[in-house]
Amino acid sequence: MSMSNKEILVEVTGLSKKFSHTLKQSMWYGLKDMGNALLGINTHQSTLREGEFWAVKDINFSLRRGDCLGLIGHNGAGKSTLLKMLNGLIRPDEGKITMRGKVGALIELGAGFNPLLTGRENIYVNGQLLGFTRKEIQEKFNSIVEFADIGEFIDSPVQNYSSGMRVRLGFAVSAHMEPDILLIDEVLAVGDIGFVLKCFNKMDELRAKTAMIFVSHGMPQVSRMCTDICLMTGGKALYQSQDIAMGITKYYELFKNDIGNFQGTDEIKINSIVLTSAGIDSNNESFVAQYGEDLIIEIELFCAQIIFNPVIYLVFYDKEQRNFAEVLNFEESMNVDSILGKVTFKATLPKIPFSQGKYSLTIGLTEKKNEIRNVLFRFQSAIYFNVHSDLHGWASIQLHPKWEVIKTDK
């Protein structure tokens, strides 16, 4: 479907920003640039001066009404610098920004609030800065206060607010003023789960008529909200696409996964943990299992003394270290009276439905002795593995049902 240029609310072309490593150098270059500007000398420089680096380099994108761009990347990748340029807080050194319509921004906790003014007064001040009349703000006032849920503190100075209260009020003002463009930088990480859900419901409501740019380290939030994704590293766009799942996968590939802690007794030693899928086995995190294939887990232990009524349990964690699958039915599947010396436990999980991505496996062993069950060891994130799948969604489990369509005559 053809869409006119008027529907494009954000256009960014060749956007770049450089900084100096030291404050002294930054101030010196700033004074020189200011002096050159007063003398009418062109200060545009596409090359770096001594001690400078590109915080953002050659970023390009456009957003239409209804689009939500997820900006992701590790700390220092350039995401917040890019957002501050979009909000007009800092000037770019190169490139062009075109913003059409009213802009609402949550770049820092309570950004734009005067700490000496009350919450009530800040609502009116921020609303007027966004271009609304006092009457228009008054019509939205009760809804803003109800959404922020800060009670009697609405008439207290904002400097007395907790960080969570400032986020509540800041988001309520920006969202209820219904801007054409909404910039959000990681602020929802501060709120409690009830408020976060309320914010997402509000953003769902706004999304059809707003262009959003959403910076977050929470990949479930990015997956839920975004129509486009830009993975930044070193100030540049490493990956940019509408394939959100692939962008998230590439984001996780930037981080090294460390084996977790082993907590247990000297009675047990883990000799090896081997994973096998489709005839290929490995005991390192480069191992790739295939969606829909059997996953075989072999755990070789050495027991220095007899272990009575052992029970193995397995816990699978996703990239956000959330446990999404467990194996706790060892006694039902295999009843073992005791073990001693070298022993291998082998578990076959048929046709694993894990989506593409990286996962970790936590292993534990308990013993039942004198009617008391004791934990002998727990090995958190004992081994990592990857899953390859053509079903490339964000959710850890991708179901593959057999469908049928039943038509009923009217």
Side-chain angles (χ1 to χ4, degrees), residues 3-12 15 61-71 79-90 92 96-114 117 119-148 158 166-188 190-191 195-196 198-216 221-222 224-228 230:
M3 301 182 74
S4 68
N5 287 334
K6 290 183 179 180
E7 292 177 293
I8 297 177
L9 300 182
V10 182
E11 284 185 285
V12 172
L15 196 62
F61 64 85
S62 62
L63 294 178
R64 297 178 184 275
R65 200 178 298 275
D67 290 345
C68 179
L69 173 66
L71 283 179
K79 308 182 300 296
S80 294
T81 299
L82 173 56
L83 218 59
K84 288 177 181 178
M85 285 192 284
L86 294 173
N87 197 34
L89 298 178
I90 56 178
K96 182 181 178 182
I97 301 172
T98 303
M99 310 279 273
R100 299 182 176 95
K102 295 187 176 79
V103 180
L106 280 171
I107 292 183
E108 294 174 355
L109 301 179
F113 284 162
N114 185 326
L117 299 180
R120 181 186 301 272
E121 292 165 337
N122 270 294
I123 290 174
Y124 282 96
V125 170
N126 275 260
Q128 288 171 337
L129 289 174
L130 289 171
F132 290 90
T133 66
R134 188 173 182 85
K135 181 180 178 182
E136 290 172 326
I137 300 169
Q138 184 62 48
E139 291 172 353
K140 299 175 183 292
F141 182 83
N142 290 336
S143 180
I144 292 171
V145 173
E146 181 181 355
F147 188 94
V158 167
R166 289 197 296 272
V167 169
R168 285 175 180 270
L169 186 60
F171 186 91
V173 172
S174 292
H176 283 79
M177 294 304 171
E178 298 183 352
D180 297 288
I181 302 163
L182 184 58
L183 312 176
I184 305 174
D185 186 7
E186 199 59 50
V187 295
L188 299 184
V190 178
F195 179 70
V196 169
K198 186 159 63 170
C199 288
F200 277 115
N201 289 337
K202 186 65 178 179
M203 287 193 289
D204 288 338
E205 179 186 323
L206 290 173
R207 188 163 52 181
K209 47 191 174 182
T210 305
M212 295 184 188
I213 300 174
F214 183 57
V215 174
S216 179
Q221 296 177 351
V222 171
R224 184 189 189 281
M225 287 300 304
C226 299
T227 59
D228 300 78
C230 177

Between K198 and F147, what is the shortest heavy-atom contact and its length?
-> NZ-O, 2.9 Å
Hey, does M203 have a side-chain heavy atom less than 4.5 Å from the side chain of I184?
-> yes
Derivation of the side-chain contact (heavy atoms from CB on, under 4.5 Å) call for T133 and Q138 = CA-CA 9 Å; T133 66; Q138 184 62 48; over 6 Å; no
Do I181 and R100 touch side chain to side chain, with heavy atoms closer than 4.5 Å?
-> no
Check the pair L83 / L89 against side-chain contact (heavy atoms from CB on, under 4.5 Å), numbers first and verdict last.
-> CA-CA 9 Å; L83 218 59; L89 298 178; over 6 Å; no
Any residue meeting salt bridge (Lys or Arg N to Asp or Glu O under 4.0 Å) with K102, in chain and number order, not counting sequence neighbours | none
What pair of heavy atoms forms the shortest contact from V222 to S216, and how long is it?
-> CG2-CB, 4.0 Å
Using salt bridge (Lys or Arg N to Asp or Glu O under 4.0 Å) as the criterion, list what pairs up with E139, not counting sequence neighbours.
-> none
Would you sort out whether V145 and R120 count as a side-chain contact (heavy atoms from CB on, under 4.5 Å), showing the intermediate values?
-> CA-CA 9 Å; V145 173; R120 181 186 301 272; over 6 Å; no
Is there a donor-acceptor contact under 3.5 Å from the side chain of K140 to the main chain of H176?
-> yes
Shortest non-hydrogen pair, G66 vs T227, comes out as O-CG2, 4.2 Å
So CG of N126 and OG of S174: to nearest 0.5 Å the spacing works out to 7.0 Å
Can you find a heavy atom in the side chain of D67 that is under 4.5 Å from one in the side chain of F61?
-> no
Hey, is the main chain of N122 close enough, under 3.5 Å, to the side chain of N114 for a donor-acceptor pair?
-> no
Nearest heavy atoms of Y124 and I137, plus distance in Å = O-CD1, 3.5 Å
Side chains of I8 and T98 in contact at under 4.5 Å (non-hydrogen atoms) = no
Using 4.0 Å as the upper bound for N to carboxylate O, is an ion pair formed by K79 and D185?
-> no
Return yes if some donor-acceptor pair links the side-chain N/O of T210 with the main-chain N/O of P179 below 3.5 Å, else return no.
-> yes
CG/L69 to OG/S62 distance, rounded to the nearest 0.5 angstrom?
-> 10.0 Å
Tightest non-hydrogen contact, residues L63 and A211, listed as CB-CB, 4.2 Å
Is a side-chain donor or acceptor of R207 paired with a backbone partner of M212 at a separation under 3.5 angstrom?
-> no
CD on E121 to CD1 on I123, rounded to 0.5 Å | 10.5 Å
Interatomic distance, CG@L82 vs CD1@I90, rounded to 0.5 Å, equals 9.0 Å
Minimum side-chain heavy-atom gap R64-E7 below 4.5 Å | yes
Is there side-chain contact between K96 and E11, with at least one heavy-atom pair below 4.5 Å?
-> no
side-chain contact (heavy atoms from CB on, under 4.5 Å) with M99: of L86, D180, L9, only one passes, and it is L86
